[in-house]
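Structure first, then comments.
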Amino acid sequence: MQDRLDKLAHRLNEMAAIAGSVIVAGDGTVLTDTIEGNAEGEGAVAVFVGNAAQQIGEAFALGPFDWGLVTMTRYRMLIMQQPDFFVGLLLAEKSSPALVSAQVEETLALLH
Amino acid sequence: MEEILKDITAVVGVTGCFVCDSEGRILASDMPHLFDDALLSSVGQTATQTMAGLAAARRRKVGELDLLYPEGRVVVKNLRDGCLCILCVRNINVPLLNLAAKAAVRKLTAAMKE
């Protein structure tokens, strides 16, 4: 599993639209990252938002959380739900969350 | 505040929206009746607590959350003393929604200060 996650993190890091990635378990444990700086802090963002998104989706009966975007001034993190972890992606300026999530889904499918 | 919310609900693809304070108490709502206040309040509380937690952890104010699901989308806008939650279809016209929401956020923030 760790090899798969490391491979995923490196593939994500190669995408121009992504400035860094963190893969974090539901309890906040960082499994792997390509973050320059505080990986635990970025992982916490992914987990906070991912867990909240699950709760909100259940309340509104919208189905399982797919992906989400948190924006804090110029900071944007795309969070994607996977069965065993969350993927947190720091987006480069002017990158499209919808396009990035589609590309990442393709990458995740290839690694399964 | 309900009149302000109607401008958002008028956008094609929006199911409804509501405003809550920082405790999750519903201040105004334009949502279908099948969503009662208790449910909306729990969603509001989750959203406001998440934004507060992120602000404390990252020392940055959260502008918005945009959450996608197979059956819809939830957009949460920070109102400083609460939040605006918008329930819509997954493939909503985001620029159009943001245009309507931007004006509404300004008016709602002012209304909440009164």
Side-chain angles (χ1 to χ4, degrees), chain A residues 20 22 24 26 28 30 35 37-82 86-91 94-102 104-105, chain B residues 14-18 20 24 31-32 34-78 83 85-95 98 101-102 105:
Chain A
V22 60
V24 57
V30 173
I35 298 284
N38 184 357
E40 269 75 28
E42 304 298 354
V45 173
V47 168
F48 277 2
V49 175
N51 283 332
Q54 285 176 328
Q55 289 172 24
I56 291 171
E58 277 170 23
F60 283 135
L62 297 175
F65 172 52
D66 190 355
W67 61 265
L69 184 73
V70 57
T71 305
M72 301 185 213
T73 51
R74 286 192 180 173
Y75 171 106
R76 293 184 305 157
M77 179 180 275
L78 176 69
I79 295 112
M80 299 181 71
Q81 165 113 49
Q82 290 296 291
F86 294 107
V87 179
L89 304 167
L90 294 176
L91 296 183
K94 296 184 186 175
S95 57
S96 159
L99 289 178
V100 170
S101 69
V104 173
E105 287 285 3
Chain B
V14 173
T15 302
C17 57
F18 62 96
C20 64
M31 291 285 287
L34 69 102
F35 301 112
D36 62 25
D37 273 8
L39 185 149
L40 299 183
S41 185
S42 80
V43 170
Q45 215 170 20
T46 300
T48 52
Q49 284 175 358
T50 300
M51 290 196 291
L54 289 173
R58 305 305 290 146
R59 294 184 192 166
R60 282 192 202 117
K61 185 191 147 191
V62 177
E64 72 169 59
L65 303 173
D66 185 3
L67 310 172
L68 277 82
Y69 307 85
E71 302 301 322
R73 187 174 194 146
V74 177
V75 177
V76 182
K77 303 277 189 184
N78 195 343
C83 67
C85 298
I86 305 168
L87 177 63
C88 55
V89 296
R90 184 185 168 100
N91 61 346
I92 191 136
N93 183 331
V94 171
N98 281 336
K102 192 175 178 182
V105 163

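Worth knowing before you read on, the calculation uses all heavy atoms, side chains too, and leaves out hydrogens, waters and symmetry mates. Throughout, protein chains are lettered first and strands after them, A, B, ... in sequence-line order, and every chain is numbered starting at 1.
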task: Pick one of side chain, backbone, both or neither for B/L67, based on which atoms fall under 4.5 Å of a heavy atom in chain A.
output: both
- request: Kindly determine whether A/Y75 and B/V62 satisfy side chain to side chain contact (heavy atoms under 4.5 Å, CB included), including the steps that lead there.
  value: CA-CA 9 Å; A/Y75 171 106; B/V62 177; over 6 Å; no
side-chain contact (heavy atoms from CB on, under 4.5 Å) partner of A/I56, chosen from B/V74, B/T50, B/L87: B/V74
query: How far does CG of B/L65 sit from CD1 of A/I79, to the nearest 0.5 angstrom?
result: 8.0 Å
- request: Mind ranking B/V75, B/L68, B/V76 by heavy-atom pairs under 4.5 Å with chain A and telling me who comes out on top?
  value: B/L68
message: Keeping B/Y69 on the side-chain end and A/E58 on the backbone end, is there a donor-acceptor pair under 3.5 Å?
response: no
- request: With a 4.5 angstrom heavy-atom cut-off, could you sort out which part of B/R58 is near chain A: side chain, backbone, both or neither?
  value: side chain
- prompt: What option among B/D66, B/L39, B/L40 has the most heavy-atom pairs under 4.5 Å with chain A?
  reply: B/D66
- prompt: Of the listed residues (A/R76, A/E42, A/Q81), which shares the most heavy-atom pairs with chain B below a 4.5 Å separation?
  reply: A/E42
field: Engaged part of B/L34 at the chain A interface, taking heavy atoms whose separation is under 4.5 Å
entry: neither
- prompt: Shortest non-hydrogen contact from A/M72 to B/R60?
  reply: SD-CB, 3.7 Å
- request: Go through B/L54, B/T46, B/V43 and name the one with the most non-hydrogen pairs under 4.5 angstrom from chain A.
  value: B/L54
message: Rounded to the nearest 0.5 Å, what separates atom CZ in A/F48 from atom CE in B/M51?
response: 13.5 Å
- prompt: What residue in A/A61, A/A44, A/P97, A/P64 has the most heavy-atom pairs under 4.5 Å with chain B?
  reply: A/P64
